[in-house]
There are 2 protein chains.
Amino acid sequence: MRRNVSRSDAARGDVYQIGDVAERVGLSLRTVRYYEEAGLLMPVGRTVGGFRLYDADAIERLLLIRKMKPLGFTLEEMRSLLTLRDELAAPDLAADTRAALQERLGTWVLLAEEKLSTLREQVSVAESFVGGLHDDADRRGGTA
Amino acid sequence: MRRNVSRSDAARGDVYQIGDVAERVGLSLRTVRYYEEAGLLMPVGRTVGGFRLYDADAIERLLLIRKMKPLGFTLEEMRSLLTLRDELAAPDLAADTRAALQERLGTWVLLAEEKLSTLREQVSVAESFVGGLHDDADRRGGTA
DNA sequence: GGACAACTCGACCCTAACGTCAGCGTAGGT
DNA sequence: ACCTACGCTGACGTTAGGGTCGAGTTGTCC
């Protein structure tokens, strides 16, 4: 039986506890806690008893993190990138500051594309391996 | 200055020491030793002084292992699969034995294809992430 | 037959990104 | 008050190696 914490707080500021969050984004509790430890994601608050509380933004953030994972970013890298994104999200930035941040973001884009291309290479390596396996499996008789 | 161990032994039975092997397949010495510890690959022998010696088959094997890595097999899984392949390579197998082995190989093929498809999914997740990054980077002004 | 550089050995500790377990406290419904 | 599901911290385990150490081994050159 699921608890509906969502309805407990009115006024559009829904909060979720870690189990809900984990289920929604498909990560383990441990992983969510570890991401906090790694500085990737802080809970918006805690209950009196110490339960972590998250909001919808946290869920977004976790989904984003999940998307980065296949690219092989380390948590450290993700932390940097997310921080950068956060800084860019501020609405009152001097133009030059914003430009500087955006240039740093460009570096990340390049890095991500690099990683993407190595990921693609891995797919083709994997394909050739699976092809080879098929050969091994289909060759019923002898090699000669 | 590279030692050319290859020419030291005549009669087509070339042996290489670990450094040569590692360089040829693009793995570290540590990794090659670790693979041995994990039961993936035994040296064909040792020198009097205890240096590991490998032959061309070993190199093949390592290259194969490298091809499996992108599919996310654990070393344990690779060990099983390689062992199975070794068993199938025996020339004097009863037909039913061979059939049994080949069926097990079929399971591996399925597993590999599964892993390949999740790898492909990862590529598309990664692509969408990189696309999102581009959006963030290109959006120079404000969100509204 | 000694010097020497390059190579290798086993042993050890270290890391990232979690999994898993234990022991204990909390949230909220009845 | 009680129950049960949920969560907390802390600690150790795991995988696939990386790094480093001091000590031993090879091949080569004199």
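Excluded from the calculations below are hydrogen atoms, water molecules and symmetry mates; all remaining heavy atoms, backbone and side chain alike, are included. Per chain, numbering begins at 1; letters A, B, ... match sequence-line order.
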I need the minimum non-hydrogen distance between A:Gln122 and B:Leu119, along with the two atoms involved.
O-CD2, 4.0 Å

For A:Met68 and C:dA17, what is the distance between atoms CE and P respectively, to the nearest whole Å?
13 Å

Quick one: which of D:dC6, C:dT26, C:dG19 gets closest to the side chain of A:Thr47?
C:dT26

Starting the side chain at C-beta, find the nucleotide from C:dG19, D:dT25, D:dG7 nearest to A:Thr31.
C:dG19

Cluster check A:Leu82, A:Leu41: I/L/V/M/F/W/Y, side chain < 4.5 angstrom:
yes

Can you run down the salt bridge (charged side-chain N to carboxylate O under 4.0 Å, His left out) pairs that involve residues 33-50 of chain A, sequence neighbours left out, and say none if there aren't any?
A:Glu36-A:Arg46, A:Glu36-A:Arg52

Can you measure B:Tyr34 atom OH to C:dC9 atom P for me and round it to whole angstrom units?
18 Å

Measure the CD-NZ distance between B:Glu77 and B:Lys115 for me, rounded to the nearest 0.5 Å.
4.0 Å

Give a yes/no on whether any side-chain N or O of A:Gln17 is located under 4.0 angstrom from OP1 or OP2 of D:dG7.
yes

Is the backbone of A:Glu60 close enough, under 3.5 Å, to the side chain of A:Asp57 for a donor and an acceptor to pair up by distance?
no

Residues A:Leu71, A:Met68; criterion side chain to side chain contact (heavy atoms under 4.5 Å, CB included); working and verdict:
CA-CA 6 Å; A:Leu71 284 175; A:Met68 296 190 211; 5.7 Å; no

Report yes if a side-chain nitrogen or oxygen of B:Tyr35 is closer than 4.0 Å to either non-bridging phosphate oxygen (OP1 or OP2) of D:dG17; otherwise report no.
yes

Separation of atom CG in B:Leu53 from atom P in D:dT25, rounded to whole Å
15 Å

Please enumerate all residues that pass side-chain contact (heavy atoms from CB on, under 4.5 Å) together with A:Ala94, with sequence neighbours excluded.
A:Asp96, A:Thr97

Are there any protein N/O atoms within less than 3.5 Å of an N/O atom in nucleotides 19-24 of chain D, and if so, which ones and at what distance?
residue	atom	partner	partner atom	Å
D:dG19	O6	B:Arg30	NE	3.1

Could you pick out which residue, A:Ile18 or B:Val48, lies toward the 5' side of DNA chain D when each is mapped onto its nearest nucleotide?
A:Ile18

For DNA chain D, determine which residues of residues 69-78 of chain B have any heavy atom closer than 4.0 angstrom to one of its atoms, and list them numerically.
B:Lys69, B:Thr74, B:Leu75

Any B:Leu81 side-chain heavy atom under 4.5 Å of B:Leu105 side chain
yes

Exercise: identify the closest heavy-atom pair between A:Leu93 and A:Glu87
CD1-O, 3.5 Å

Exercise: identify the closest heavy-atom pair between B:Trp108 and B:Ser80
CZ2-CB, 3.5 Å

A:Arg46 has an atom CZ; how far is it from atom C1' of D:dC8, in whole Å?
8 Å

Which residues in residues 118-125 of chain A have at least one heavy atom lying under 4.0 Å from any atom of DNA chain D?
none

Atom pair distance, as rounded to whole Å: OH in B:Tyr16 and P in C:dT8
14 Å

Between A:Leu29 and A:Gly50, who's closer to the 5' end of DNA chain C by nearest nucleotide?
A:Leu29

Closest to the B:Arg52 side chain: D:dG7, C:dC9, D:dG17?
C:dC9

Verify side chain to side chain contact (heavy atoms under 4.5 Å, CB included) between B:Arg85 and B:Leu64, making sure each step is shown before the conclusion.
CA-CA 11 Å; B:Arg85 239 180 58 107; B:Leu64 189 59; 3.7 Å; yes

Strictly below 4.0 Å: does A:Ser28 bring a side-chain N or O up to OP1 or OP2 of C:dG19?
yes

Using whole Å, what does the distance between atom P of nucleotide D:dA16 and atom CD1 of B:Ile65 come to?
12 Å

Taking only residues at least two apart or on different chains, which pairs with a member in residues 125-134 of chain A satisfy side chain to side chain donor-acceptor pair (under 3.5 Å)?
A:Glu127-B:Arg120, A:Ser128-B:Lys67, A:His134-B:Glu113

Separation of D:dG17 atom P from B:Glu37 atom CD, nearest Å, is 12 Å

